[in-house]
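For reference, the structure discussed in these notes is given below.
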Amino acid sequence: MKKSMIVTGGSRGIGAAVARLAAQRGYAVCIAYRSDAEAAASVVEDIVTHGGVALAVKADTGVEADVRRLFDAAQAAFGPIDALVNNAGILEQQARVEAIDAARLSRVFGTNVIGVFLCSAEAVRRMSTKHGGRGGSIVNVSSRASRLGSPGEYVDYAASKAAVDTLTIGLAKEVATEGIRVNAVSPGLIHTEIHARGGEPGRVDRLAKGVPMQRGGTAEEVAAAVLWLASDEATYCTGSNIDVAGGR
Ligand code: NAP
């Protein structure tokens, strides 16, 4: 039977690249999306056209019942889940801290922190040898922002990614003897639609001159690191966090 992977936020950007590469590497892939059914369906269609196995499930990672339904659907289709990629993440319009209100903090932390906790908890309940599972791998998509802070843009987003870094370390230690590895990748400036959602479509090109490699990265470059951490080539890595940021 094929290995299986859940990729949250797999309908666009980095998540879609992870889903496509995972399918190429032989995983049956379940992608979760929140709103854009058409984008999710086109990733699934692309994977299936190339001979892979994929499924899309509408699930908001910040909602417990949705997360349970997502894992149930993936398990019903593919059997026990081998890997979870916590990729779904959002940011909002560029703003200074004094302009950020509680509603915005709830939205950003709801997806970026609560969503990653809920999906990780569901994965542990199903993967942990302590609960009768057969182990697995969790890869969190954090951000270089957690250490750069994103001043004047989205300190809330950066702080939410710092929480992801800490979850990665703590959970990795918590389940280290239960067959589960927990790691993270921290992308730098990557060409995806997320920057337009923050109000500046050309942000990567504007900031590229501050990157030692003098360019933004691609979703595929991030996906390669995610797949390596999930794979059996990384069996002694847990609690690791790989920067994919061109030296920035
Ligand atoms: P993106 O192009 O905006 O895609 C975000 C994806 O997440 C979409 O598939 C979206 O689905 C999904 N999503 C958002 N909220 C969700 C929720 N609550 N439940 C389920 N799915 C949800 O973003 P991206 O640039 O690929 O970013 C992916 C990850 O990389 C994020 O965690 C981001 O913080 C991180 N990252 C990105 C960069 C960068 O420069 N691009 C740098 C560092 C880190 P819908 O369209 O259906 O809402």
Side-chain angles (χ1 to χ4, degrees), residues 6-20 29-44 56-67 69-71 84-92 106-119 122 139-150 153-154 156-165 167-168 184-208 211 215-223 225-226 241-246 248:
I6 291 176
V7 183
T8 67
S11 58
R12 283 187 283 114
I14 292 169
V18 169
R20 288 192 176 98
V29 184
C30 178
I31 64 172
Y33 66 98
R34 180 161 59 176
S35 52
D36 193 343
E38 217 172 289
S42 86
V43 173
V44 168
V57 176
K58 181 172 162 53
D60 184 335
T61 56
V63 175
E64 249 172 337
D66 281 20
V67 170
R69 195 168 44 72
L70 165 65
F71 277 76
L84 164 68
V85 179
N86 280 313
N87 165 80
I90 58 166
L91 47 72
E92 299 208 355
S106 295
R107 290 190 297 273
V108 170
F109 280 73
T111 291
N112 296 7
V113 182
I114 294 175
V116 178
F117 265 85
L118 293 178
C119 290
E122 196 60 42
V139 182
N140 296 325
V141 181
S142 181
S143 172
R144 279 293 288 137
S146 72
R147 282 159 286 154
L148 296 172
S150 306
E153 294 194 312
Y154 11 71
D156 54 343
Y157 168 82
S160 74
K161 293 298 188 178
V164 171
D165 290 349
L167 166 66
T168 302
V185 297
S186 290
L189 296 161
I190 310 299
H191 290 283
T192 72
E193 290 171 25
I194 203 170
H195 308 284
R197 284 162 200 257
E200 190 186 353
R203 179 172 177 265
V204 173
D205 290 330
R206 174 175 63 84
L207 295 172
V211 178
R215 67 169 178 88
T218 66
E220 289 71 25
E221 289 174 309
V222 179
V226 170
N241 195 329
I242 299 180
D243 290 344
V244 184
R248 185 172 183 248

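Counting convention: from 1, in listed order, for ligands and their atoms alike.
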- Message: Checking a contact table here: which protein heavy atom is nearest atom 2 (O) of ligand 1, and how many Å away?
- Response: R12 NH1, 3.1 Å
- Task: Looking only at distances, please establish whether an N/O atom of ligand 1 is found under 3.5 Å from an N/O atom of L189.
- Result: no
- Min over G216, S142, A219 of heavy-atom distance to atom 44 (C) of ligand 1 lands on S142
- Query: Of all the heavy atoms in S35, does at least one lie under 4.0 Å from an atom in ligand 1?
  - Reply: yes
- Do R34 and I90 have side-chain heavy atoms sitting under 4.5 Å apart? yes
- Please examine the side chains of V116 and N112, heavy atoms only from C-beta on, and report whether any two atoms are closer than 4.5 Å. no
- Item | Identity and separation of the nearest protein heavy atom to atom 34 (O) of ligand 1 | Y157 OH, 2.6 Å
- Task: State the atoms of ligand 1, each with its element, that fall below the 4.0 Å cut-off from a heavy-atom position in G13.
- Result: 2 (O), 26 (O)
- Query: What is the closest protein heavy atom to atom 28 (C) of ligand 1, and at what distance does it sit?
  - Reply: N87 OD1, 3.1 Å
- Query: If you measure from NZ on K161 to CG on L148, what distance do you get to the nearest 0.5 Å?
  - Reply: 13.5 Å
- Item | Nearest-neighbour protein heavy atom for atom 11 (O) of ligand 1, which is reported as residue plus atom name and distance | S11 OG, 3.4 Å
- Say whether T8 and ligand 1 are in contact under the criterion: heavy-atom distance to a ligand atom below 4.0 Å. no
- A student comparing V185, D60, L70, I194 should find that the heavy atom closest to atom 18 (N) of ligand 1 comes from D60
- Query: So do T61 and T111 actually touch side chain to side chain, heavy atoms under 4.5 Å?
  - Reply: yes
- Task: Identify, for atom 7 (O) of ligand 1, the protein heavy atom at the shortest distance, and state residue, atom and that distance.
- Result: G9 CA, 3.3 Å
- Have T168 and N140 got a donor and an acceptor in their side chains that come within less than 3.5 Å? yes
- Taking heavy atoms and a distance under 4.0 Å, where does T192 meet ligand 1: side chain, backbone, both or neither? side chain
- Can you check whether A145's main-chain N or O pairs, donor with acceptor, with S150's side chain at less than 3.5 Å? no
- Query: Judged by atom type as modelled, is there a donor-acceptor pair below 3.5 Å linking the side chain of T8 to the main-chain atoms of N87?
  - Reply: yes
- Note: heavy atom closest to atom 21 (N) of ligand 1, options R34, E193, K161, H195, belongs to R34
- Message: Show me which atoms of ligand 1 lie under 4.0 Å from any heavy atom of V141.
- Response: 29 (C), 30 (O), 32 (O), 35 (C)
- Note on the structure: Between the CZ atom in R215 and the CD atom in E221, the distance rounded to the nearest 0.5 Å is 4.0 Å
- Item | Proximity of H191 to ligand 1 by residue part, where a heavy atom lies under 4.0 Å | neither
- Task: Taking R12 for its side chain and E193 for its backbone only, find out whether a donor-acceptor pair lies under 3.5 Å.
- Result: no
- Is any N or O atom of Y33, backbone or side chain, closer than 3.5 Å to an N or O atom of ligand 1? no
- Could you tell me whether R144 approaches ligand 1 through its side chain, its backbone, both or neither, with non-hydrogen atoms closer than 4.0 Å? neither
- Query: In Å and rounded to the nearest 0.5 Å, what is the CG to OG distance from N241 to S146?
  - Reply: 7.0 Å
- Query: S143 to ligand 1: N or O pair under 3.5 Å?
  - Reply: no
- When distances are taken from atom 17 (C) of ligand 1, the protein heavy atom at minimum range is T61 OG1, 3.6 Å
- Item | Part of A59 with heavy atoms under 4.0 Å of ligand 1, whether side chain, backbone, both or neither | backbone
- Message: Looking at non-hydrogen atoms alone, which of A40, A88, A245, G89 comes nearest to atom 5 (C) of ligand 1?
- Response: G89
- Heteroatom distance test (G188, ligand 1): nitrogen or oxygen, under 3.5 angstrom: yes
- When rounded to the nearest 0.5 angstrom, what is the spacing between CD in E122 and CG in D66? 11.5 Å
- Interatomic distance, S142 atom OG to I242 atom CD1 [nearest 0.5 angstrom]: 12.5 Å
- Query: Counting heavy atoms only, which part of I90 comes closer than 4.0 Å to ligand 1: side chain, backbone, both or neither?
  - Reply: side chain
- Message: Measuring from atom CD of E153 to atom CD of E200, what distance do you get when rounded to the nearest 0.5 angstrom?
- Response: 6.5 Å
- Kindly say whether K58 contributes a backbone atom to a donor-acceptor pair with the side chain of R69 at under 3.5 angstrom? yes
- Would you say I14 and ligand 1 have an N/O pair spaced under 3.5 Å apart? yes
